[in-house]
Amino acid sequence: MDIEETKLPGVGLRHDFVTERGRRVGVISQRNGDRELLIYSEDDPDACQFVVDLHPGEAEALAELLGAPRVIERLARMREQVEGIATEGIVVGAGSPYDGRPMGEAQIRSRTGASVVALVRRGDVIPSPTPAQVIQAGDKVVVVGTEDGVRATAKILASG
Amino acid sequence: MHAATLLLELGAIIFGLGLLGRLAGRIGISPVPLYLIAGLAFGHGGIVELEAPAGFLESASQIGVVLLLLMLGLEYSAGELIGTLRRQAPVGVLDLLLNGLPGAAAGLLLGFGPVGALAMFGITAVSSSGVVAKVLSDLGRLGNRETPSILGILVLEDLGMAVYLPVLTAVLAASGAWEATGSVAIALVCLALVLVLALRFGAVISAFVTGQSNEVTMLRILGLALLVAGAAEVVHVSAAVGAFLLGIALSSDLDEEAHRLMEPLRDLFAAVFFVSFGLTTDPRQLPPVLVPALVLVVIGIGTKLLTGWMAAERAGVAVPGRIRAGAALIPRGEFSIVIAGLATAGGAVDPRLAPLAAAYVLTLAVVGPVLARAADPVGRAVGARLGQRRRRAAAKARVAGE
């Protein structure tokens, strides 16, 4: 899949590519943050059949819908693959003692044996976070470990 | 009593412009032609003659030109300008020559003299980037594959204006060939210098004008624009070009917020500029120039169609897209009026140039967007017809081969 990038002077950037089924789709990123979703016409490959204007929030929501389920799918598959190992996405609550603190301070691995493999923040995945990575309320901490270890991690993140 | 008349007349003008702008939005055209008509109707020789706010309108319209060019410069960053210049320079030159030369020829034929012909070159050459960009966005064509070519031409035309305007002002003001050459050289050196400065130090200048509050930022940008424009005028480079260059210098790093801050100011003063151009143009002079204006309109449509066709073909776009590109470029607008205003202000050029430019812009600013819309079905029909012919020719060749 080749994503083509084209500069649109005075407007912003356009990215587009052709899907396996032969449809050209693209996105215009305007300078003010607005996005346009483009579906090109089948009869005239130079013109758009559909153009959807998206505000920044809407574009983010759409990206999440398109991207997030794949992360969850992958996690679900991982969970099925290895018996006896639990994978959990733990959401950091607003009252968590680690809200705004580096993850290393929670000492999750030494206290529970479970490993933090990723952090999901507003749809963005931060893979293999370092101990210095600051956790925020609302983050989803993806941990892998024994069932007990995962449960203990959830408890640490909730109440220290 | 004078204050009351001034406020009343000014209020009536601006309120009237608001109504016209709404009307233009309703019928889906650019408000510029309506502003011009309003100016024609209420100026010297019009239906009602307004006298009191003349002094204010004159200053405001000069600020209008400065702001129009400043915002135009802000649209494109120096990187975009240079990148487009590298990729599309031949198309830009072709565009200016194809569209400008008929205008220049018409200027000579009508007896405007060489300076008038130079002004007519600019008036017919430059598309209205404001109208074209709006039409493309309204018709949902920003994603189309011919659009980068269209936008590229607009960028190059604007860059061409940065070279052309100082040449025109120098020629208009100069008493001799030497003086004119000197001013033009100064202008071109300034242009090159600003492009380099903008690439290197744009962030510094942007940080300098950006204040803590909107008010501070707005005042700093406006003040700096007027200072630079005035300084440019002192060295005979044309205030408009000074503002344009400042815009380019600021564009890379100034955030979108600052653009939005300046837009209402630009809208107000630019509207006053268009009205004021209409006011100073005597509508009784329109009928005699109507025929040459309409001939130029027809030629202007043809040459822009050709330009768009060639630019889109160069980008590997098929026939319907080439027709769309050409039709989108047809509207002329603000810059033709800026040029006509500059040319006639000093009295160095035949006064018939102003009504000619007004008639030309009025027609194309209205007809252009309509043609751009019509280009979609027309392009598809022509594309289908050509495809059919090609298929038939291929079939014939196959039969002959067998």
Side-chain angles (χ1 to χ4, degrees), chain A residues 1-67 122-124, chain B residues 71-77 79-85 87-88 129-130 132-133 136-156 158-159 251-252 254-257 259-260 312 315-325 375-376 379-380 383-384 387:
Chain A
M1 191 174 77
D2 278 336
I3 298 182
E4 220 178 293
E5 182 186 292
T6 313
K7 285 199 177 99
L8 299 176
V11 178
L13 272 182
R14 186 189 77 199
H15 290 98
D16 59 69
F17 66 92
V18 180
T19 64
E20 211 180 286
R21 296 272 183 91
R23 284 305 288 266
R24 186 177 281 278
V25 290
V27 172
I28 292 180
S29 311
Q30 298 207 10
R31 283 196 195 145
N32 58 9
D34 283 356
R35 298 281 185 274
E36 279 180 33
L37 178 65
L38 316 166
I39 316 276
Y40 285 83
S41 163
E42 277 177 304
D43 319 326
D44 179 358
D46 300 322
C48 293
Q49 188 172 9
F50 300 107
V51 178
V52 184
D53 294 317
L54 298 168
H55 288 304
E58 296 161 346
E60 219 166 279
L62 183 65
E64 212 163 301
L65 286 177
L66 289 171
R122 270 169 274 137
D124 289 334
Chain B
M71 295 298 283
L72 186 74
L74 279 177
E75 279 292 298
Y76 310 123
S77 67
E80 278 177 338
L81 288 177
I82 290 171
T84 313
L85 195 61
R87 281 193 308 275
Q88 282 191 306
S129 42
V132 174
L136 288 177
S137 148
D138 286 351
L139 294 178
R141 289 200 196 149
L142 281 178
N144 283 15
R145 306 237 288 161
E146 76 273 9
T147 298
S149 308
I150 300 174
L151 294 175
I153 286 179
L154 296 181
V155 172
L156 291 173
D158 294 341
L159 204 55
S251 63
S252 320
L254 205 59
D255 54 12
E256 200 58 37
E257 202 57 33
H259 286 224
R260 254 171 277 159
V317 170
V319 171
R322 293 178 206 165
I323 292 174
R324 280 195 303 266
D376 227 346
R380 236 176 296 138

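Each chain gets a letter, A, B and so on, in the order the sequences are listed, and its residues count up from 1.
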Exercise. Above 12 or not: heavy atoms from other molecules or residues under 6.0 Å from CZ of A/F50?
Worked result: no
Seminar exercise, completed: Cut-off 4.5 Å, heavy atoms of chain B, and the answer for A/L8 is both
Problem set entry | Contact origin within A/Y40 toward chain B - heavy atom pairs under 4.5 Å | side chain
Problem set entry | Contacting moiety of B/V155, where chain A heavy atoms sit under 4.5 Å | side chain
Exercise. Where on B/R380 is there a heavy atom nearer than 4.5 Å to chain A: the side chain, the backbone, both, or neither?
Worked result: neither
For this session: Would you please go through residues 146-154 of chain B and name the residues with a non-hydrogen atom below 4.5 Å from one of chain A, in numerical order?
Result: B/E146, B/P148, B/L151
Problem set entry | Contact listing (chain A partner; residues 136-143 of chain B; heavy atom under 4.5 Å) | B/G140, B/L142, B/G143
Exercise. Among A/P9, A/C48, A/G26, who wins on heavy-atom pairs under 4.5 Å with chain B?
Worked result: A/P9
Exercise. Sequence neighbours excluded, which residues qualify as salt bridge (charged side-chain N to carboxylate O under 4.0 Å, His left out) partners of A/D46?
Worked result: B/R145
For this session: Not counting sequence neighbours, list each pair that qualifies as a side-chain hydrogen bond (donor to acceptor under 3.5 Å, both in side chains) and has a residue in residues 3-12 of chain A.
Result: A/E5-A/H15, A/T6-A/R14
Problem set entry | Under 3.5 Å: donor-acceptor pair, side chain of A/D44, backbone of B/G321 | no
